[in-house]
Amino acid sequence: MTNRAEETRAIVQESLHRGIKYFVAVGGDGTVNALASQLVFTDAVLGIIPRGSGNGLARHMHMPKDIHRSIQILVKKRSQKIDAIQINNQWSFNVAGIGFDGHISTIFGQDGRRGMRNYMKLINQEYKSYQPIEMTILSGKEKTQATLLQLAIANASQYGNNAIVAPQADLCDHILDLALIRKVPFAVLPAFLVKVFSGQIHRSRYTRLMTTSGMIVQTSRPVHFHTDGDGRGVADEFIIKVIPESLNLLY
């Protein structure tokens with residue numbers, strides 16, 4: 001049992017030094033990130049038993065929340081190499097984001113309360129006052145300028161709780177899926193969320209989907225960003241790239 005990411009990382013490093021090859025994260029995407037970021041480019045293998053508030057990566061992989069069923073899958077030791085995201089040298093294995101989702105991720109759980117209900121309550125509290133951001137996205141020779149609520153950078157398909165932001169995302173395709181999301185008028189926000197939770201975000205006129213292997217994002221003001229649901233601070237420039245086949249994952 002660990003209480004802090006630093007403690008988790010120390011245990012992983014000690015275990016690697018002892019020659020341990022198999023690790024299992026029992027928790028949510030933040031716990032997975034704390035382990036996985038220490039296991040990249042090693043021959044160690046990571047499994048997941050989803051016990052967090054969102055479990056986005058585990059849900060993408062169809063890992064059951066039931067512990068016994070998850071263990072039955074893990075003990076088969078079937079693994080694949082998956083890609084990862086780096087955003088300003090921070091690792092992400094599920095979804096990273098710039099803007100409103102980074103803001104929410106930063107303040108979510110500060111009062112000690114997690115879970116979907118509290119997450120939605122927080123969105124309701126913060127949404128109206130959050131100002132959209134002018135973003136310039138430089139990807140290869142393509143330059144995109146847009147006024148966005150948030151930019152989601154997806155390696156897997158969802159934030160968690162089946163909130164699907166990148167329906168076509170693939171962990172092994174060496175490509176990042178982007179969702180450019182404009183601010184939705186509050187009155188139609190429920191209808192937009194229905195599209196998100198039904199895997200139809202691409203059908204919303206407030207969303208544009210793109211793909212890239214790497215990009216630079218510049219913002220009109222310093223904004224929060226997150227990796228796998230944990231806030232990582234603020235910046236006004238982001239260097240983002242896919243890191244192919246960097247983690248061995250049980251599935």
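- In terms of heavy-atom proximity, T31 sits nearest to V26 at CG2-O, 4.2 Å.
- Taken together through direct or relayed side-chain contacts under 4.5 Å among Ile, Leu, Val, Met, Phe, Trp and Tyr, L171 and I243 form part of one hydrophobic cluster.
- With no hydrogens or angles considered, no side-chain donor-acceptor pair links T227 and S92 at under 3.5 Å.
- A salt bridge is absent between R221 and D236; no separation between the charged side-chain nitrogens and carboxylate oxygens falls under 4.0 Å.
- In this structure, the side chain of K183 engages the main chain of Y130 through a donor-acceptor pair within 3.5 Å.
- Here the shortest heavy-atom pairing between C172 and I82 reads SG-CG2, 4.2 Å.
- At least one donor-acceptor pair closer than 3.5 Å links the side chain of R59 to the backbone N or O of G54.
- In this structure, the side chain of N161 does not engage the main chain of M116 through any donor-acceptor pair within 3.5 Å.
- Side chain of D83 to backbone of E245: a donor-acceptor contact under 3.5 angstrom is found.
- There is a side-chain donor-acceptor pair under 3.5 Å between R203 and Q200.
- Between L249 and I48, the closest side-chain pair of non-hydrogen atoms falls below 4.5 Å.
- Using a 3.5 Å distance cut-off with no hydrogens or angles, the side chains of E126 and H103 do pair a donor with an acceptor.
- Taking the six-membered ring where the residue is Trp, H226 and Y159 present tilted rings, their angle falling between 30° and 60°.
- Here the straight-line distance linking atom CD of Q218 with atom CD1 of I133 works out to 14.0 Å at 0.5 Å rounding.
- Under 3.5 Å, the side chains of E7 and N3 contain no donor-acceptor pair of N or O atoms.
- With a 4.5 Å cut-off on side-chain heavy atoms, E237 and V217 do not count as touching.
- No side-chain donor-acceptor contact under 3.5 Å links Q145 and E134.
- Atom CD1 of I216 sits about 6.0 Å away from atom CG of L138, to the nearest 0.5 Å.
- Remark: L250 CG to S70 OG distance equals 11.5 Å, nearest 0.5 Å.
- Residues L178 and M215 are in side-chain contact: their nearest non-hydrogen atoms beyond the backbone lie under 4.5 Å apart.
- A continuous path of ILVMFWY side-chain contacts below 4.5 Å connects L46 to F93, so both sit in one hydrophobic cluster.
- Panel note: side chain N118, backbone F108; no donor-acceptor pair is recorded below 3.5 Å.
- Between the N248 side chain and the T42 main chain, a donor and an acceptor come within less than 3.5 Å of each other.
- Annotation: side chain of V165 is in contact with side chain of I181 (closest heavy-atom distance under 4.5 Å).
- Relative orientation of the Y127 and F186 rings is tilted, given thresholds of 30° and 60° on the angle between their planes.
- For the residue pair H60 / N94, no side-chain donor-acceptor distance below 3.5 Å is found, with atom types taken as modelled.
- Between D43 and K21 there is a side-chain heavy-atom pair separated by less than 4.5 Å.
- Donor-acceptor pairing under 3.5 Å is lacking for the side chains of D177 and T211.
- For the pair K76 and Y251, the cation-pi criterion (under 6.0 Å, within 45° of the ring axis) is not fulfilled.
- Taking the side chain as every heavy atom from C-beta outward, V234 and F225 never approach each other to under 4.5 Å.
- At a threshold of 4.5 Å between non-hydrogen side-chain atoms, the residues I175 and V242 do not count as touching.
- Side chains of V32 and N55 form no contact here, defined as non-hydrogen atoms less than 4.5 Å apart.
- Here S213 contributes atom OG and H174 contributes atom NE2; the two are 11.0 Å apart, rounded to the nearest 0.5 Å.
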